Amino acid sequence: READAWETRFEIAQTRDGHRVEVAANLGNTAHAADAVERGAEGVGLLRTEFLFMAHASAPDLATQIGEYRQAIDALEGRPLVARTLDVGGDKPLPYWPVPHEDNPFLGLRGIRLALTQPDVLETQLRALLMASTNQPLRIMLPMVKDIAEFRAVKAIYDRLLTEIAPSQRATDVQLGVMIEIPSSALLAPSLAAEVDFFSVGTNDLTQYTLAIDRGHPELSASADGLHPAVLRLIQMTVAAAHTQGKWVGVCGELASDAVAIPVLVGLGVDELSVSARQIPLVKARLREFDFADAQVSAQLALSQATSDEVRDALEAR
Ligand code: PEP
Ligand code: MG
């Protein structure tokens, strides 16, 4: 199976009956973009830029960041890059950006909340992303957004940058979107969808916050299953809100490479799956095994269950 998947890795990603689903790569390092393309990636669906920040003793300056992002963009040769702005705090502390002690770091200053406490760092990052290329598709994604106010705070900076940087000096095919990884943002997806360009569902954090299970907990993390019907309902709401507004939805958490979950996500209407580069041939091969109408039935079946075990049993019995 693996050998067959590898042989067909450059074919477009679609279901057996031709329903297109983009398959992109999750990267922590821009130097790995070329490898992702070699494995059949149709783009980068999640560039975790925090690793670039962690690799330096202080926040990397504009020129350093432009060089880094350009490396990924060049390797992608016209395929889209979805770059996530700095997502530290919580489980990912940054030594030169100390956060006062918190009893619950996962509920504290992390993601976009933390970034907005030092908007100059965020502004430099947005500027670098915009200036890294002029003619390649760029998607900028904000982590841990809980409602439209946080998006608007960043959008104000972004809009100002678009007027400050001459169009000849920056990306013009650019979108600004948010991750859906806090239940409030899924519940409020209609209000977000009216203003953002796209959503990408971070099922790792969305599951953690929906089920109140620490994603890294040594005993409990195994039961933090993204195929929980509560999580699936949030994804359903997210997709419905996005598509009503003509926006696209990706999934970039671990669930996107789960062979059992893939038909459910596709049946829910997800437009893009972003997975680790190594999984790309297998995810593409998995898509070719089922029809879209059948995936929609799987999604409805999953939504009607009461627990994640029931979802997995019901899907297996099908
Ligand atoms: C997620 O939360 O699902 C996600 C993709 O982001 P990260 O794993 O980097 O928190
Ligand atoms: Mg996350």
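Quick caveat: nothing in here was measured; it's all calculated off a predicted structure. Whatever order the structure lists ligands and atoms in, that order sets their numbers, starting from 1.
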Validation: residues 175-182 side-chain donor-acceptor distances under 3.5 Å, sequence neighbours left out:
unit_1, atom_1, unit_2, atom_2, d
Q175, OE1, W248, NE1, 2.8
E181, OE2, M144, N, 2.8

Hydrogens and angles aside, do T124 and Q65 bring a side-chain donor and acceptor to less than 3.5 Å of each other?
no

Do any nitrogen or oxygen atoms of ligand 1 lie under 3.5 Å from a protein nitrogen or oxygen, and which ones?
unit_1, atom_1, unit_2, atom_2, d
ligand 1, 2 (O), E181, OE1, 3.0
ligand 1, 2 (O), D205, N, 3.0
ligand 1, 2 (O), D205, OD2, 3.0
ligand 1, 3 (O), G202, O, 3.4
ligand 1, 3 (O), T203, N, 3.1
ligand 1, 3 (O), N204, N, 2.7
ligand 1, 3 (O), N204, ND2, 3.2
ligand 1, 6 (O), R84, NH1, 3.0
ligand 1, 8 (O), R48, NH2, 2.9
ligand 1, 8 (O), N204, ND2, 3.0
ligand 1, 8 (O), R215, NH2, 2.8
ligand 1, 9 (O), R48, NE, 2.7
ligand 1, 9 (O), R48, NH2, 3.3
ligand 1, 9 (O), R84, NH1, 3.1
ligand 1, 9 (O), R84, NH2, 2.8
ligand 1, 9 (O), K92, NZ, 3.4
ligand 1, 10 (O), D205, OD2, 3.0
ligand 1, 10 (O), R215, NH1, 2.9

Do E68 and T30 have side-chain atoms, one donor and one acceptor, less than 3.5 Å apart?
yes

Report the residues that fulfil side chain to side chain donor-acceptor pair (under 3.5 Å) with D74, sequence neighbours left out, ordered by chain and then residue number.
none

Mark yes when over 12 heavy atoms from residues, nucleotides or ligands other than R278 sit less than 6.0 Å from its CZ; otherwise mark no.
no

Quick check: do Y209 and L107 have side-chain heavy atoms less than 4.5 Å from each other?
yes

Consider only side-chain N and O atoms of R288 and T8, and report whether a donor and an acceptor are under 3.5 Å apart.
yes

Take V311 and H228 through the test side-chain contact (heavy atoms from CB on, under 4.5 Å) and record every step on the way to the result.
CA-CA 7 Å; V311 171; H228 195 285; over 6 Å; no

At a cut-off of 2.8 Å, protein N/O/S around the Mg ion (ligand 2) gives E181 OE1, D205 OD2

From the options K155, Q245, R152, select the one residue that forms a side-chain hydrogen bond (donor to acceptor under 3.5 Å, both in side chains) with E195.
R152

